[in-house]
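The next block holds one structure in the form of structure tokens; read it before the comments.
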Amino acid sequence: MTQSAALDTLRSVFGYDQFRPQQAEIVEHLIAGGDALVLMPTGGGKSLCYQVPALVRAGTAVVVSPLIALMQDQVEALRQNGVSAAYLNSSLSAAAADEVEQQLMSGQLDLLYVAPERLLLPRTLALLERVHLSLFAIDEAHCVSQWGHDFRPEYHQLSLLQERFPRVPRIALTATADGPTQRDIMDRLQLHNGAVFNRGFDRPNIRYHIAENSGNAREQLLRFIRNDHDGDAGIVYCLSRKRVEEVAEWLSSKGMTALPYHAGLSAELRQHHQTRFLREDGVVMVATIAFGMGIDKPDVRFVAHLNLPKSIEAYYQETGRAGRDGMPANAWMAYGLQDVITLRQMQEGSAADESYKRIERHKLDSMLGLCEITSCRRQSLLHYFGESLEEPCGNCDNCLTPPQTWDATVASQKALSCVYRTGQRFGVTYLVDVLLGKNNDRIQQFGHDTISTFGIGKELNANQWRGLFRQLIARGLLTVDVEGHGSVRLAEVARPVLRGEETLMLRQLDSGRSKERKTRSKHETTHGELWHALRQCRRELAEEQGVPAYVIFHDATLAEMAERQPNSLDAMAGISGVGQRKLDAYGAQFLQVIAEHAATAAAPQAGASGLESVLLLCQGLTPMEIAHKRELTLATVYRHLAAAIADGELELADVVELSDTELHTLRFAFEQAEGGRLKPVYDELDGAYDYGVLECVRAWLNAAAVQ
Ligand code: ADP
Ligand code: ZN
């Protein structure tokens, strides 16, 4: 009975077909008057767990939320669905607060959001005692606990709710609570008679990808964004303020909307950038870890790390900001030798006591372990949080393109004994020079051109040696000096390897020359013209009303519209995320956009064959693979792709990955060549690039010139 009332509400108000796992049980439990503690990962759909009961049960639901900045958006999102909601916090004028209180007293509100300090005012409590309440929802409930990572003293007093309102059901929700924190929440909020619903930590829609920083992480990042996230919103985390500024500026110079965020900026500027990130489409926020707490934006499509986080908790929390809407999202990281050295030094050099350091060391080791493993990253992540995943996930880099391993025993012995023979006083750069037999002044001065390890490592290049040293440090075979000069020493655990008693199988090393693999995620199907038109329509509506775009419709909803292309209001009502109110308010307008698109798409496709090549490319095939599959010559395939570049349907980077220096050289060569002919360019560059590639570059240069 209640179940169907709940389902009715889910469908007619929120426009969703069915409950997600556990939502139905939680909703039912609450409607029946029970208390609950809900542990659900970010993006799991916690809000509906109390919003649906709030609508089904008589009276007003009070939602306690610590994040004042977000209340407005949450209330706005509810109003868009036709729900009567309001908030009370210090940002309201006295008159506005009065009005909300009036609405509350006259029973007009289904939901009331309040900040905890406001709720605990005697005046507010007295008001609440005079109205009919349906439930209390305590969001971000880990703030109750001193064990949680974001303790808030105001939350501590919420135990008072049970005493003052013993008959009103309470639901506490959080995405981050380990065992002790959970018990603390139960104690503080007196939820012992309630049910615990634990959905686990997994975020299946996030694809994990950890790349080796092959010397130019910035370029790797740019390629990643261009290949996978053109026009998407994302967060890029850097360690220092300086680096934040630098990367934001650089991405902007590449035509992206990239904004810096760090504690050194004025409060106004930070606020301004945050608002732009929340309200505009496709803003990339480049930030220190100061950014993120309380960022509730559902359509962050990627989180990138240009530095190594210092623990798996930090990594998981930061990457967790991607894909809250459940759509595919990427967590991407580039890390290298310097990261490992810096973090090791920071940790060893800290003034903390030994037992604290031991914990920190363990955390960093686990993080480094995650970077270097060759098996499923998600299994390893979940294992860290005490959960298990039976099968490899199929949605991380290691699952998708299993890394090669190699027997690194001999190479490691060379590296370790080079450390030993040079007296354990030198940094990696010097050691690599010795291994490669470089004859420089410094080496001669120390007489290291005469030791046995001089020049014994020519089978690997400098980049590969650096990678090997990184792995040895990551695995703890080498330690880094505390003074910060970067010299490395042998650890006890290196002995068995040196003595040949232990085999070391390591991740294949990056030569520094190999091209980045594409990490295309699944959602490029949404990146068609219709998708852009729908987003444009959404943007206009959002701007008109001064609300974030996702409050109008989520990405997932637009993607489904683009795919199913409804042609009537009835069909539109079947799209997930279109409830009755939004159907009435926006349905016709979006139908119009879809109809216009259908009309142009129906026109005969001149380049149908070309289109097929483009589609295959978008599915991740290389031009060579497309040529094989379609039994065409490679030249023909490149011609198709060049045409698509000329039409602005593809980016050059979609077809071929070229560094900035290469592009610069190519541009120059074309400028010198007469009439844009290919042959002079081909000759000038000694045939380094195929004609097909040159054709694409030319198309791209011409398209850029036209703009
Ligand atoms: P959380 O608070 O757990 O991070 P939200 O409550 O913000 O997550 O929900 C995440 C996203 O999932 C939102 O876009 C929400 O509309 C969507 N969602 C929640 N429940 C459902 C459902 N049953 N069907 C479809 N979408 C849902
Ligand atoms: Zn995996």
Side-chain angles (χ1 to χ4, degrees), residues 6-7 9-11 13-27 38-52 54 63 65 67 70 73-74 77-78 80-81 83 111 137-142 171-177 197 199-210 294-300 317 320-327 329 331 370 373-383 389-403 519 548-560 574-579 582:
L7 204 56
T9 305
L10 182 77
R11 291 182 177 157
V13 177
F14 297 95
Y16 297 137
D17 250 12
Q18 46 202 355
F19 284 110
R20 288 189 180 156
Q22 296 225 339
Q23 277 179 335
E25 289 92 317
I26 298 166
V27 164
V38 171
L39 307 158
M40 210 181 253
T42 308
K46 285 187 284 302
S47 325
L48 284 185
C49 295
Y50 56 82
Q51 287 170 349
V52 171
V63 184
S65 161
L67 307 164
L70 296 176
D73 288 350
Q74 282 161 347
L78 283 166
Q80 290 283 341
N81 282 323
V83 175
L111 288 108
I138 297 124
D139 207 1
E140 312 285 347
H142 54 273
I171 174 174
L173 311 102
T174 175
T176 40
F197 297 90
R199 253 270 306 273
F201 281 101
D202 191 16
R203 303 285 313 278
N205 61 317
I206 298 184
R207 175 175 296 180
Y208 299 99
H209 182 92
I210 301 182
I295 293 302
D296 212 353
K297 188 175 165 64
D299 55 355
V300 176
Q317 201 182 19
R321 293 177 184 134
R324 293 182 71 121
D325 54 7
M327 297 269 285
L370 176 71
I373 54 163
T374 50
S375 56
C376 175
R377 308 250 193 222
R378 191 181 315 272
Q379 280 181 321
S380 166
L381 275 168
L382 292 176
H383 179 74
L389 185 67
E390 296 300 319
E391 296 290 321
C393 76
N395 194 27
C396 71
D397 53 350
N398 285 353
C399 282
L400 290 164
T401 40
T519 53
Y550 61 79
V551 163
I552 306 288
F553 282 127
H554 280 302
D555 280 0
T557 303
L558 292 194
E560 199 178 320
I575 301 284
S576 180
V578 184
K582 288 187 180 176

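Counting begins at 1 with the first residue of the sequence. All values derive from a computational prediction rather than experimental measurement. Counting starts at 1 for both ligands and their atoms, following the listed order. FYI, side chains are in, hydrogens and waters are out, and symmetry mates aren't considered; it's all heavy atoms of this structure.
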Tell me whether [X] reaches ligand 1 (any heavy atom closer than 4.0 angstrom to a ligand atom).
{"X": "Gly44", "value": "yes"}
{"X": "Cys49", "value": "no"}
{"X": "Met40", "value": "no"}

Which one holds for [X] and ligand 1: side chain close, backbone close, both close, or neither close, with close meaning a heavy atom under 4.0 Å?
{"X": "Gln23", "result": "side chain"}
{"X": "Ala556", "result": "neither"}
{"X": "Tyr16", "result": "side chain"}
{"X": "Arg20", "result": "both"}

Taking 4.0 angstrom as the limit and counting only heavy atoms of [X], give me the atoms of ligand 1 inside it, by number and element.
{"X": "Gln18", "result": "22 (C), 23 (N), 24 (N)"}
{"X": "Phe19", "result": "23 (N)"}
{"X": "Arg324", "result": "1 (P), 2 (O), 4 (O), 10 (C), 11 (C)"}
{"X": "Ser47", "result": "2 (O), 5 (P), 6 (O), 7 (O)"}
{"X": "Pro41", "result": "3 (O)"}

What residue and atom, counting heavy atoms only, is the protein's closest point to [atom], and at what distance?
{"atom": "atom 9 (O) of ligand 1", "value": "Gly45 CA, 3.4 Å"}
{"atom": "atom 3 (O) of ligand 1", "value": "Lys46 NZ, 2.8 Å"}
{"atom": "atom 13 (C) of ligand 1", "value": "His554 NE2, 3.9 Å"}

[X] (side chain) donor-acceptor with [Y] (main chain) under 3.5 angstrom:
{"X": "Arg199", "Y": "Pro41", "result": "no"}
{"X": "Gln23", "Y": "Gly45", "result": "yes"}
{"X": "Arg20", "Y": "Gly44", "result": "yes"}
{"X": "Asn205", "Y": "Gly323", "result": "yes"}

When you compare the side chain of [Y] with that of [X], does any pair of heavy atoms fall below 4.5 Å?
{"X": "Leu381", "Y": "Phe201", "value": "no"}
{"X": "Gln379", "Y": "Arg377", "value": "no"}
{"X": "Met327", "Y": "Asp299", "value": "no"}
{"X": "Tyr16", "Y": "Leu48", "value": "yes"}
{"X": "Ile171", "Y": "Ile138", "value": "no"}
{"X": "Gln51", "Y": "Val13", "value": "no"}

Would you say [X] has any N or O atom under 3.5 Å from an N or O of ligand 1, going by distance alone?
{"X": "Pro298", "result": "no"}
{"X": "Leu10", "result": "no"}
{"X": "Thr42", "result": "no"}

If the Zn ion (ligand 2) is the vertex, what is the angle to SG of Cys396 and SG of Cys399, rounded to 10 degrees? 100°

Spatial distance of atom NZ (Lys582) from atom CD1 (Ile552) [nearest 0.5 Å]: 7.0 Å

Less than 4.0 Å between a side-chain N and a carboxylate O, is that true for Asp139 and Lys46? no

